[in-house]
Amino acid sequence: MTTATTNQAEAPLLSGRHGLGRDLAGLAVILVLAVIGYLLFPNNLALLTRIMAIALLVLSLDLVTGYCGVATLGHAALFGSGAYGAGIAAVHFGITDPLLMVAAGIIGGALAGLVCGVVILRAHGLPQLVLSIALIHLFHEFANKASSWTGGSDGLAGIAPDPLFGIFAYDLWGRTAYVFAVVLLAIVFMFLRLVVRSPFGMLCRGIKEDPIRIRAMGGSPTIALLKMYVISGAVAGVGGALNAVSTQVVGLDSLSFTLSAESLVMLVLGGTGSLFGAVTGTIVFMLFEDLVSAANPFHWLTMVGALLIAVVLFAPKGLYGAVAEVLARRRGAGR
């Protein structure tokens, strides 16, 4: 009995160590890939920075779709709100410090997450998709009509961020923006790892599996999901603000239905319910898209479609999920 009690007491500690090890491994992989990307593509850092901005959007989508089971095709509303929040702060209020612009993006994304969460969580299943599509079109049209603030269809230009920490200016090669993006992605990734492993994260997973049981236990699925939506909006807002800082312009494409749909495709490609999968799917999709569009400008969508069909048919858990499953089986066989 004493041995069993000891094993039970040690289990959370071992689990915590394992989780910390995976967190540090994930951080190390992000940093290593960032260094490799810088060395291999020194003249295409703008694309790599864009990939990291979109990775933040896909991570935020994974929070509500992968971990909470909320169906949405309008998540770009949160990303675009963060981008416009940072851009408006710079152009109309003279807030050009990059860190303050990111803070403005976080606020804009979180507010958009609150609005979208209040509306979308009133429905379930297919009606959620309809509401999310309606919301992204409403956000898009509002940004288009409020041209005095957003620039309308011409985009919000004139964004000129100050040097980072007053030292590192944003150069034409995009090196400062790239390093800034790597640091933001690493920080957000580690924060989200803590969130999904926390009791709150476990509660959201439980809501996805069985919301009725959560209610029977005294929990409130709606409030928990709304909190996660706000967190998701803040994360997407970081991505939007990063995109505004790096490109120094915000267009209506940041609030497009196409971006929402592509972010969902990237999530499915990498694997839902996994932060590692979200990052993997974004990198693979965007690099593959850039490669095939350059190789064959007329038929590149066919190649992208073929890749997605192959992944869905032969790796239904996504690329990362499939690799993780194979490694788990090998470890099990080794024992």
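Small disclaimer: the values here were computed from a predicted structure and weren't measured.
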- With the 4.5 Å side-chain cut-off for hydrophobic clustering, are Leu61 and Val118 part of the same group?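 Both belong to a single hydrophobic cluster.
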- Query: So, for Tyr178 and Tyr38, which heavy atoms are closest and what is the spacing to 0.1 Å?
  - Reply: OH-N, 3.6 Å
- Message: Give me the atom names and distance for the closest heavy-atom approach of Ala244 to Ala86.
- Response: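 Smallest heavy-atom distance, with atoms named: CB-CB, 4.3 Å.
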Look up atom [atom1] in [X] and atom [atom2] in [Y], then write down how far apart they are to the nearest 0.5 Å.
X      : Y      : atom1 : atom2 : result
Leu131 : Leu73  : CG    : CG    : 12.0 Å
Ile51  : Leu56  : CD1   : CG    : 12.5 Å
Leu255 : Leu138 : CG    : CG    : 11.5 Å

- Message: Does the plane of the ring in His75 sit parallel, tilted or perpendicular to the ring in Tyr229? Use 30° and 60° as the thresholds.
- Response: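 Ring orientation, 0 to 90° scale: tilted.
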- Message: Can you tell me how the ring of His92 sits relative to the ring of Trp149, calling it parallel under 30°, perpendicular over 60° and tilted otherwise?
- Response: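 Tilted.
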Is it true that atom [atom1] of [X] has more than 12 heavy atoms of other residues, nucleotides or ligands lying nearer than 6.0 Å?
X      : atom1 : answer
Ile212 : CD1   : no
Phe200 : CZ    : yes
Leu40  : CG    : yes

- Message: The criterion is side-chain contact (heavy atoms from CB on, under 4.5 Å); which residues satisfy it with Ser148, sequence neighbours excluded?
- Response: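 By the side-chain contact (heavy atoms from CB on, under 4.5 Å) rule, Ser148 matches no residue at all.
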